[in-house]
**Q** 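Pasting a structure below so you can have a look.
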Amino acid sequence: MPQQHWLIKTEPTSYSIDDLKRDKRTAWTGVRNYQARNFMRDGMKVGDTALFYHSSAEPTGVVGVARVCGAARPDPTALDPKDDHHDPKSTKQDPIWLAVDFEFVEKFAKVVALETLRTTPGLEGMQVLRRGQRLSIQPVTEEEFRIVTGLARGNTRGKVR
DNA sequence: GCCAACGTTGGC
DNA sequence: GCCAACGTTGGC
């Protein structure tokens, strides 16, 4: 399986690209959606890269890149009764929820704003642009990944609608 | 703060 | 298995 690409959402007040830059790597815990879990379990491989997306931010958009550095494993926060993300349905025998590990790759000099994604040809199919889309882990095509990182580096070719 | 969209829960 | 109620997400 070749390297795949993803988009991972986070609220920067909870965990931001600056936090990842400081930490170098982090466990992506607290995902409590079956579709997102299945992407971690069945899709994500060590070495896959992800667009790091800030939601509920000003502006919202892609702020950098992270790389998968640890494959899916039971999410420890689901098993910890003291944790905010504790889920009593999750047990050691049957963990239900999973986490992967991400390492910092880069922080963009400028946010690639949601508004920019919306108006950039070639990105029309991105799930994050769909109204009401709440999935916190989304697959992204190689082409979409390339366009977004290109925008971040100031490549505006084909950008104007 | 509002509210549309969506996933989950639980009564039946 | 249906579906109304509810809680959450996330753009605005």
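The model shown is predicted, which means the values in this text are computed figures rather than measured ones. Proteins come first, then strands; the chains are lettered A, B, ... in the order of their sequence lines, and each starts at number 1.
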**Q** Mind checking whether A/Phe108 and A/Phe52 have side chains closer than 4.5 Å, heavy atoms only?
**A** no
**Q** Only pairs at least two apart or in different chains count here, so list each side chain to side chain donor-acceptor pair (under 3.5 Å) that has a residue in residues 56-67 of chain A.
**A** A/Arg67-A/Glu103
**Q** Which nucleotide wins on minimum distance to the side chain of A/Asn33, given the candidates B/dG7, B/dA5, B/dT9?
**A** B/dG7
**Q** Could you check how far CG of A/Asp84 sits from P of C/dT8, rounded to whole Å?
**A** 12 Å
**Q** Write down the distance between CG (A/Leu135) and P (C/dG11), rounded to a whole number of angstrom.
**A** 13 Å
**Q** Out of B/dA5, B/dT8, C/dG11, which has the shortest distance to the side chain of A/Ser55?
**A** C/dG11
**Q** Report yes if some heavy atom in the side chain of A/Ile147 is under 4.5 Å from a heavy atom in the side chain of A/Val140; otherwise report no.
**A** no
**Q** Does A/Tyr53 place a side-chain N or O at less than 4.0 Å from the phosphate oxygens OP1/OP2 of C/dT9?
**A** no
**Q** Respond yes when some side-chain nitrogen or oxygen of A/Arg130 is under 4.0 Å from OP1 or OP2 of C/dT9, and no when none is.
**A** no
**Q** Using a 4.5 Å cut-off on heavy atoms from C-beta on, say whether the side chain of A/Thr29 contacts that of A/His85.
**A** no
**Q** Rounded off to whole Å, could you give me the CH2-to-P distance for the A/Trp97 and B/dG7 pair?
**A** 13 Å
**Q** Can you tell me which nucleotide in B/dT9, B/dA4, C/dG11 comes closest to the side chain of A/Arg131?
**A** B/dA4
**Q** Would you indicate whether the side-chain heavy atoms of A/Val31 and A/Met40 approach each other to under 4.5 Å?
**A** yes
**Q** Expressed in angstrom and rounded to an integer, what is the separation of A/Tyr34 atom OH from B/dT9 atom P?
**A** 6 Å
**Q** Given atom CG of A/Leu117 and atom P of C/dG10, what is their separation to the nearest angstrom?
**A** 15 Å
**Q** As a test of reading the structure: which of B/dT8, B/dT9, C/dC12 is closest to the side chain of A/Leu114, going by heavy atoms?
**A** C/dC12
**Q** Rounded to whole Å, please give me the gap between CZ in A/Arg37 and P in B/dT8.
**A** 10 Å
**Q** CD of A/Gln35 versus P of C/dT9: gap in Å, rounded?
**A** 16 Å
**Q** Distance check: side-chain N/O of A/Lys9 vs OP1/OP2 of C/dT9, anything under 4.0 Å?
**A** no
**Q** Write down the distance between CD (A/Gln133) and P (B/dA4), rounded to a whole number of angstrom.
**A** 18 Å
